[in-house]
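Inspection log for the structure reproduced underneath, given as structure tokens.
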Amino acid sequence: MFVKICGLRSVEHVQAAVDAGVDAIGFLLSPSPRQVTPAEAAKLAAEVPDHILTVGVFARETPDQIRRDAAEAEVNTIQLHGDYKREDFDALADLPVTTIRAIAGARDPDTNCGAFGEDLLIVDAVTPGSGEAWDWTRLPSTPTGNWMLAGGLRPDNVASAIAEAGPWGVDVSSGVEVARGVKDSGLIADFIAAARA
């Protein structure tokens with residue numbers, strides 16, 4: 001099971017995720033309680049072994065801004081979250097990075113990984129990062145390819161969510177926090193262990 005931990009802002013929590021065997025670590029480069037600057041993301045990404053994806057997460061930025069910020073952050077993956085179009089992915093296709101398309105699964109009909117040329121797909125709740133639970137068994141269409149389930153996942157429910165939805169991977173942010181934007185090393189380790197159990 002592929003596991004992504006998103007919204008990390010400290011070396012301590014990056015190291016906790018790496019030690020627990022994470023596959024991808026996300027750095028929020030858009031306005032958010034979890035936001036870091038590209039320079040801060042670069043320092044955190046430098047702590048991550050090469051086999052783990054370092055993801056610059058974008059929600060409102062233009063392709064030109066994404067290009068600049070991803071280069072400064074020195075990430076090997078970019079995630080476009082929300083109302084991005086195929087043209088936005090096309091505009092970034094020359095970058096030597098893995099690409100992730102993240103959608104609101106309950107209202108986005110296109111749940112086929114690769115539909116916009118992306119490498120990975122995240123099927124999230126209607127309000128990303130809110131931690132709100134949603135009915136992931138009632139997607140408008142069955143996702144295909146390398147797709148991750150997100151939204152309302154926690155260490156105590158991720159195993160059942162995987163059993164119900166059958167994703168290729170899972171993505172979590174608020175479900176491993178003790179307060180909004182404040183991660184917990186123990187919860188990060190618990191989540192990864194539960195997802196793989």
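From a predicted model like this one, the values you see are computed outputs, not experimental measurements.
Smallest separation of non-hydrogen atoms from Glu118 and Ile100: CB-C, 4.4 Å. Scanning all heavy atoms of the two residues, the minimum distance from Arg9 to Gly181 falls at NH2-O, 2.9 Å. For the pair Ala45 and Ala73, the tightest heavy-atom approach, listed with the atom from each and the gap, is CB-O, 4.1 Å. Residues Gly175 and Pro155 come closest through the heavy atom pair O-CD, 3.4 Å. Taking both residues in full, the closest heavy atoms of Pro33 and Arg180 are given as CG-NE, 3.6 Å, listed atom of the first, atom of the second, then distance. Nearest heavy-atom pair across Ala195 and Val170 is CB-CG2, 4.0 Å.
A donor-acceptor contact shorter than 3.5 Å links the side chain of Arg86 to the backbone of Ala115. With Tyr84 contributing its side chain and Thr62 its backbone, the two residues share no donor-acceptor pair below 3.5 Å. Although no hydrogens or angles enter the test, the distance criterion places no donor-acceptor pair under 3.5 Å between the side chain of Asp90 and the main chain of Gly117. In this structure a side-chain-to-backbone donor-acceptor pair under 3.5 Å is present from Asn76 to Thr54. Put simply, the side chain of Ser173 gets close to the backbone of Cys6: a donor and an acceptor are under 3.5 Å apart.
In this structure, the side chains of Leu80 and Asp88 come closer than 4.5 Å at one or more pairs of heavy atoms. Contact annotation: the side chain of Val55 never approaches that of Ile78 to less than 4.5 Å [non-hydrogen atoms, C-beta and beyond]. Looking at Glu74 and Pro38, their side chains never come closer than 4.5 Å, going by heavy atoms from C-beta outward. Looking at Val97 and Val75, their side chains never come closer than 4.5 Å, going by heavy atoms from C-beta outward. Annotation: side chain of Lys4 is in contact with side chain of Ile122 (closest heavy-atom distance under 4.5 Å). Phe2 is listed as a side-chain neighbour of Met148, based on a closest heavy-atom distance under 4.5 Å.
Linking ILVMFWY residues whenever their side-chain heavy atoms come closer than 4.5 Å, directly or via other members, leaves Val57 and Leu44 in distinct clusters. Ile188 and Leu153 fall within a single hydrophobic cluster, where Ile, Leu, Val, Met, Phe, Trp and Tyr are joined by side-chain heavy atoms under 4.5 Å apart, directly or via other members.
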Exercise for the section: Take Leu120 and Leu53, measure what side chain to side chain contact (heavy atoms under 4.5 Å, CB included) needs, and give me the verdict at the end. Expected result: CA-CA 12 Å; Leu120 306 173; Leu53 297 183; 4.0 Å; yes
Problem - Worked verdict on Leu92 versus Ile66 for side chain to side chain contact (heavy atoms under 4.5 Å, CB included) - result: CA-CA 8 Å; Leu92 298 165; Ile66 291 169; 3.9 Å; yes
Exercise for the section: List the steps and the verdict of side chain to side chain contact (heavy atoms under 4.5 Å, CB included) for His81 and Phe58. Expected result: CA-CA 6 Å; His81 209 123; Phe58 300 94; over 6 Å; no
Problem - Ser185 and Glu12: CA distance, side-chain angles, deciding distance, side chain to side chain contact (heavy atoms under 4.5 Å, CB included) verdict - result: CA-CA 8 Å; Ser185 295; Glu12 173 195 351; 3.4 Å; yes
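With rounding to the nearest 0.5 Å, the separation of CG in Asp69 from CG in Asp64 is 11.0 Å. Rounding to the nearest 0.5 Å gives a distance of 13.0 Å between CH2 of Trp168 and OG1 of Thr144. Expressed to the nearest 0.5 Å, how far CD of Glu72 lies from CD of Glu40 amounts to 10.0 Å. Atom-to-atom distance recorded for Asp119:CG and Gln79:CD is 12.5 Å, nearest 0.5 angstrom. Between the OG atom in Ser174 and the CZ atom in Arg154 there is a gap of 9.5 Å [rounded to 0.5 Å].
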Name the atoms and distances for all side-chain donor-acceptor pairs under 3.5 Å in residues 16-32, with sequence neighbours left out.
residue	atom	partner	partner atom	Å
Asp19	OD1	Gln15	NE2	2.8
Asp23	OD2	Val3	N	2.8
Asp23	OD2	Arg196	NH2	2.6
Ser30	OG	Ala59	N	2.8
Ser30	OG	Glu61	OE1	2.5
Ser30	OG	Glu61	OE2	2.9
Ser32	OG	Arg34	N	2.9

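Considering Asn112, Ile103, Leu121 as possible partners of Trp147, the one that fulfils the side-chain contact (heavy atoms from CB on, under 4.5 Å) test is Leu121.
The pair Arg67-Asp94 meets the salt-bridge criterion, since a charged nitrogen lies less than 4.0 angstrom from a carboxylate oxygen.
Checked against salt bridge (Lys or Arg N to Asp or Glu O under 4.0 Å), Arg68 has no partners two or more places apart in sequence or in another chain.
Phe116 and Phe89 have perpendicular rings, their planes meeting at more than 60° on a 0 to 90° scale where under 30° would count as parallel.
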